[in-house]
Amino acid sequence: MNEGGGESQGLFGRIKEKLIRSKRQTAAEGRHITGKTDLAHVRRLPPGQNLVTKWPVLDLGVQPDVPKAEWRLHVTGLVANPVTWSFDDFMALPQSHFKSDIHCVTTWSLYDNRWDGVSARTILDLVQPPVEARHVIFHSYDGYTTNIRREVFEEEDVIIVHSWEGKPLTREHGGPVRAVVPKWYFWKSAKWLSKIEFSDVDKPGFWEQN
Ligand SMILES: Nc1nc2c(c(=O)[nH]1)N[C@H]1C(S)=C(S)[C@@H](COP(=O)(O)O)O[C@H]1N2
Ligand SMILES: [Mo]
């Protein structure tokens, strides 16, 4: 798309283009919020971020309505024990509770979000991916996908959540269940999660391709 040709696009088109461009740039830089080479690990608010007090909603314009009774989470691919959990199965798993900050690449940050759900480490213990499974791909009910490296998924604070601030996660924020990967920009935190796939090959997701 022509960068200088914004006039005829309309406001929405220009905002969308800007958003895609900034994500593309961030993806290209492989920007990691708390990476050892990044200053942000000593600064809670990463450079260029603005603190917000109300949680914004960002998605592809589709917010799938997945009733708890119909929701399933598949954990598949390169694992010793593939599983499919209903919402009740998921709630019966050992539960974890973490507090973390959100940083979105569209420059907002929201501090101290209290999450309840099942930690990535609990899931790893249950499904037992072999060492060759070096990549994890999240799949969502809106067709969104995003990929992370296994060592990112293995971080202690990664959690698959059903509640935020003690209340069930709302549909607009990815309920019934979403991923939360605190040390990375929020686009890695898939909403309306349907599948966690382990793989020996990397599979770029929606923003990673755009
Ligand atoms: N399934 C799905 N997950 C998604 C997205 C999406 O469009 N679909 N957007 C991502 C982006 S870019 C961000 S910033 C966060 C936004 O989450 P929020 O709307 O709860 O703030 O969700 C991420 N996860
Ligand atoms: Mo985002």
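Indexing begins at 1, ligand by ligand and atom by atom, following the structure's order. No experiment lies behind these values; they were computed from the predicted model shown. Below, each value reflects all heavy atoms present in this structure, side chains not excepted, and no hydrogens, waters or symmetry copies.
Pairs engaging residues 119-130 under the side-chain hydrogen bond (donor to acceptor under 3.5 Å, both in side chains) rule: Ser119-Thr122 [sequence neighbours left out].
Heavy atoms from both the backbone and the side chain of Trp187 come within less than 4.0 Å of ligand 1. Contact annotation for Phe186 and ligand 1: heavy atoms of both the backbone and the side chain come within less than 4.0 Å of the ligand. The side chain of Trp55, and not its backbone, has at least one atom closer than 4.0 Å to an atom of ligand 1 (non-hydrogen atoms only; side chain from C-beta on). Within the 4.0 Å heavy-atom criterion, neither part of Trp164 lies near ligand 1.
When only modelled atom types and interatomic distance are considered, Trp192 and Gln63 share no side-chain donor-acceptor pair under 3.5 Å. Counting only N and O atoms by type, the side chains of His135 and Asn147 include no donor and acceptor under 3.5 Å apart.
Polar contact with ligand 1: present for Ser140 (N/O pair, distance under 3.5 Å). The shortest N or O to N or O distance between Asp142 and ligand 1 is under 3.5 Å. The shortest N/O to N/O separation between Leu60 and ligand 1 falls below 3.5 Å. Geometrically, ligand 1 and His173 share a nitrogen or oxygen pair separated by less than 3.5 Å.
Between the NZ atom of Lys99 and the CD atom of Glu165 there is a distance of 7.5 Å, given to the nearest 0.5 Å. Taking CZ of Arg114 as the reference point, atom CH2 of Trp164 lies at 10.0 Å (rounded to 0.5 Å).
Close contacts of ligand 1 with Trp108, meaning ligand atoms under 4.0 Å from a residue heavy atom, involve 21 (O). With ligand atoms numbered from 1 in the order given, ligand 1 contributes 1 (N), 2 (C), 8 (N) to contacts under 4.0 Å with heavy atoms of Trp192. Residue Ala190 has at least one heavy-atom neighbour below 4.0 Å for each of these atoms of ligand 1: 3 (N), 24 (N). Ligand 1 places these atoms under 4.0 Å from at least one heavy atom of Ser189: 22 (O), 23 (C), 24 (N).
In plain terms, the two heavy atoms of Ile102 and Trp108 that are nearest each other are CG2-CZ3, 3.5 Å. Between Glu172 and Lys191, the closest heavy-atom pair is O-NZ, 2.8 Å.
Closest to atom 21 (O) of ligand 1 by heavy atom, among Pro56, Ala179, Gly175, Gly174, is Pro56. Considering Arg178, His139, Lys191 only, the shortest heavy-atom separation from atom 19 (O) of ligand 1 involves Lys191.
The closest approach between Trp207 and ligand 1 falls below 4.0 Å for a heavy atom of the residue.
Within the 4.5 Å cutoff, the side chain of Ile160 has heavy atoms near those of the Val177 side chain.
For Phe198, the ring pair (Phe, Tyr, Trp, His ring centres under 6.0 Å) criterion is met by Phe153, not counting sequence neighbours.
In this structure, Arg44 satisfies the cation-pi test against Tyr111, with its NZ or CZ atom closer than 6.0 Å to the six-membered ring centre and inside 45 degrees of the ring normal.
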